[in-house]
Trainee: 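Before I ask anything, here is the structure I am working with.
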Amino acid sequence: MKSTRVAATTVAALAVIAGLSGCGGDNDDDAASTSSTTTAPTTTTAAKLTGSSAAPLPPPSPTHPPAPAPATLDDVNCGAVTGGNGATADVIAFASDAGRPGCTEAFTVVADYLDVPRTGDAVAVDGWLCEPQPDTSVPHICVNQGLTIGLRGDAAPAAPPPPAPSPIRTVDPTKPPVTTTSNVPPEPPPTVEDVNCGPVTDAGGGSRTVIAVGTAAGRVGCTEAIDVATTYATTIAPSDAVTVDGWDCNAQPDADTPSVCAKDGLVIALRAN
């Protein structure tokens with residue numbers, strides 16, 4: 001009796017969920033339907049009511065795709081150019097981590113580099129440093145902030161012209177030599193004046209005035225003149241001739257300048273006071 005009531009309740013619920021599919025039938029049909037479906041809900045329909053839906057879940061929300069990797073730069077052959085030496089080369093814009101120079105700028109820099117005679121040293125051209133290098137395949141490059149322009153070929157700046165040769169004068173053996181004479185006397189050398197360097201005291205307690213004499217060889221400095229004169233005047237020697245630091249000092253028969261020292265044409269005079 002209990003099983004019949006449970007089955008009837010379950011069938012009623014199924015009828016509601018199915019949209020009252022049995023409407024319009026008579027009581028006998030309902031009874032027949034009830035008796036024929038008594039055991040069916042316990043295996044299939046009841047499982048759908050109590051279990052999770054068997055329908056597939058929608059796909060997960062898509063994530064943002066990763067940013068595309070930057071395109072890899074390649075070297076670019078910008079074309080041929082003719083150097084100041086008459087040879088040709090391809091202008092190459094090299095790719096590097098710093099980027100790649102444009103062909104328009106590459107041609108401008110290369111043209112300004114090739115149009116002027118160069119000595120082979122590094123030279124600044126339009127903000128680029130251009131110079132030859134020992135790479136025979138790319139013998140000339142220009143660099144600027146990590147960018148590189150190369151010349152692949154033999155094009156190069158023209159070499160500077162050599163210096164003009166000195167004129168060569170030949171002697172005609174059939175003509176006598178010409179002697180050039182002048183009645184104008186040569187200009188005399190500039191006059192070097194004497195300088196009073198100050199007094200020194202001799203061995204006897206007397207005073208001497210040291211004069212740096214101006215000669216054709218020049219004039220001794222006062223510091224050296226005082227040192228030599230002091231050593232000579234205070235030295236007691238068996239004769240009046242004494243050598244002091246390479247200077248030959250001696251007495252002379254002159255009442256105003258009784259002693260002098262000479263060296264290499266320079267003269268120090270010791271005048272009496």
Trainee: Would you check if the side chain of T215 reaches a backbone N or O of G218 as a donor-acceptor pair within less than 3.5 Å?
Mentor: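 Judged by distance alone, yes, a pair lies under 3.5 Å.
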Trainee: Should the heavy atoms of other residues, nucleotides or ligands under 6.0 Å from CG of D154 be counted, would the total exceed 12?
Mentor: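 Counting other residues, nucleotides and ligands, CG of D154 stays at 12 neighbours or fewer.
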Trainee: Are H140 and P157 close enough that some pair of their side-chain heavy atoms sits under 4.5 Å apart?
Mentor: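 Side chain of H140 against side chain of P157, heavy atoms only: contact under 4.5 Å found.
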Trainee: Answer whether the closest heavy-atom distance between the side chains of V76 and C103 falls below 4.5 Å.
Mentor: yes
Trainee: Looking at every non-hydrogen atom in both residues, tell me the closest pair between A155 and G83 and how far apart they are.
Mentor: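 Here A155 and G83 meet closest at CB-N, 3.7 Å.
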Trainee: Any side-chain to backbone donor/acceptor pair from N196 onto A212? Under 3.5 Å, distance only.
Mentor: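 Absent.
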Trainee: Which side chain to side chain donor-acceptor pair (under 3.5 Å) pairs, counting each pair once, include a residue from residues 261-273, with sequence neighbours left out?
Mentor: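 Passing the test, one end in residues 261-273: S207-N273, T209-N273.
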Trainee: Taking side chain as C-beta onward, heavy atoms only, is L129 less than 4.5 Å from C142?
Mentor: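 SC-SC contact between L129 and C142 ruled out.
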Trainee: Does any pair with a residue in residues 117-136 pass salt bridge (charged side-chain N to carboxylate O under 4.0 Å, His left out), and if so which ones, sequence neighbours excluded?
Mentor: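 For residues 117-136: none.
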Trainee: Supply the atom-to-atom distance I141 CD1 to I92 CD1, rounded to the nearest 0.5 angstrom.
Mentor: 13.5 Å
Trainee: Using every non-hydrogen atom in the two residues, find where C197 and I226 come nearest and quote the distance to one decimal.
Mentor: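 So the two residues come closest at O-CD1, 3.6 Å.
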Trainee: For a 4.5 angstrom cut-off between non-hydrogen side-chain atoms, does W247 reach V220?
Mentor: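 Side chain of W247 against side chain of V220, heavy atoms only: contact under 4.5 Å found.
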Trainee: Please find the pair of heavy atoms, one from C261 and one from V228, that lie closest to each other, and give the distance.
Mentor: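 Looks like SG-CG1, 4.1 Å.
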Trainee: Give every residue pair that meets the salt bridge (charged side-chain N to carboxylate O under 4.0 Å, His left out) criterion with at least one member in residues 248-260, sequence neighbours excluded.
Mentor: none
Trainee: Do C222 and V195 have side chains that approach each other closer than 4.5 Å (heavy atoms only, starting at C-beta)?
Mentor: yes
Trainee: Nearest 0.5 Å please: distance from the OG atom of S259 over to the CD1 atom of I268.
Mentor: 12.0 Å
Trainee: Which Ile, Leu, Val, Met, Phe, Trp or Tyr residues join L151 in one cluster when any pair of side-chain heavy atoms under 4.5 Å counts as a link?
Mentor: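 Grouped by the 4.5 Å side-chain rule, V81, V91, F107, V109, V110, Y113, L114, V123, V125, W128, L147, I149 form the rest of the cluster around L151.
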Trainee: Return the OG1 to CG distance between T257 and L270, rounded to the nearest 0.5 Å.
Mentor: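 Going from the OG1 atom of T257 to the CG atom of L270 covers 8.5 Å.
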Trainee: Can you tell me how far OG1 of T235 sits from CG of D240, rounded to the nearest 0.5 angstrom?
Mentor: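 Spacing of CG (D240) from OG1 (T235) equals 12.0 Å.
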Trainee: Linking I/L/V/M/F/W/Y whenever any side-chain heavy atoms sit under 4.5 Å apart, do V200 and L266 land together?
Mentor: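 Yes.
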Trainee: Looking at every heavy atom in both G153 and P139, which two are closest together, and how far apart are they?
Mentor: O-CG, 3.2 Å
Trainee: Kindly state each residue pair satisfying salt bridge (charged side-chain N to carboxylate O under 4.0 Å, His left out) with at least one member in residues 75-90, sequence neighbours excluded.
Mentor: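 Counting only pairs at least two positions apart or across chains, no salt bridge (charged side-chain N to carboxylate O under 4.0 Å, His left out) contact touches residues 75-90.
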Trainee: Salt bridge (charged side-chain N to carboxylate O under 4.0 Å, His left out): which pairs involve residues 198-223, sequence neighbours left out?
Mentor: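 Non-adjacent pairs meeting salt bridge (charged side-chain N to carboxylate O under 4.0 Å, His left out): D202-R208.
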Trainee: To check you understand the geometry: which heavy-atom pair defines the closest contact between A233 and T201, and what is its length?
Mentor: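 Heavy atoms only, the tightest pair is CB-O, 4.3 Å.
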Trainee: Determine the minimum heavy-atom distance between G120 and P132, stating which atoms define it.
Mentor: O-CG, 3.3 Å
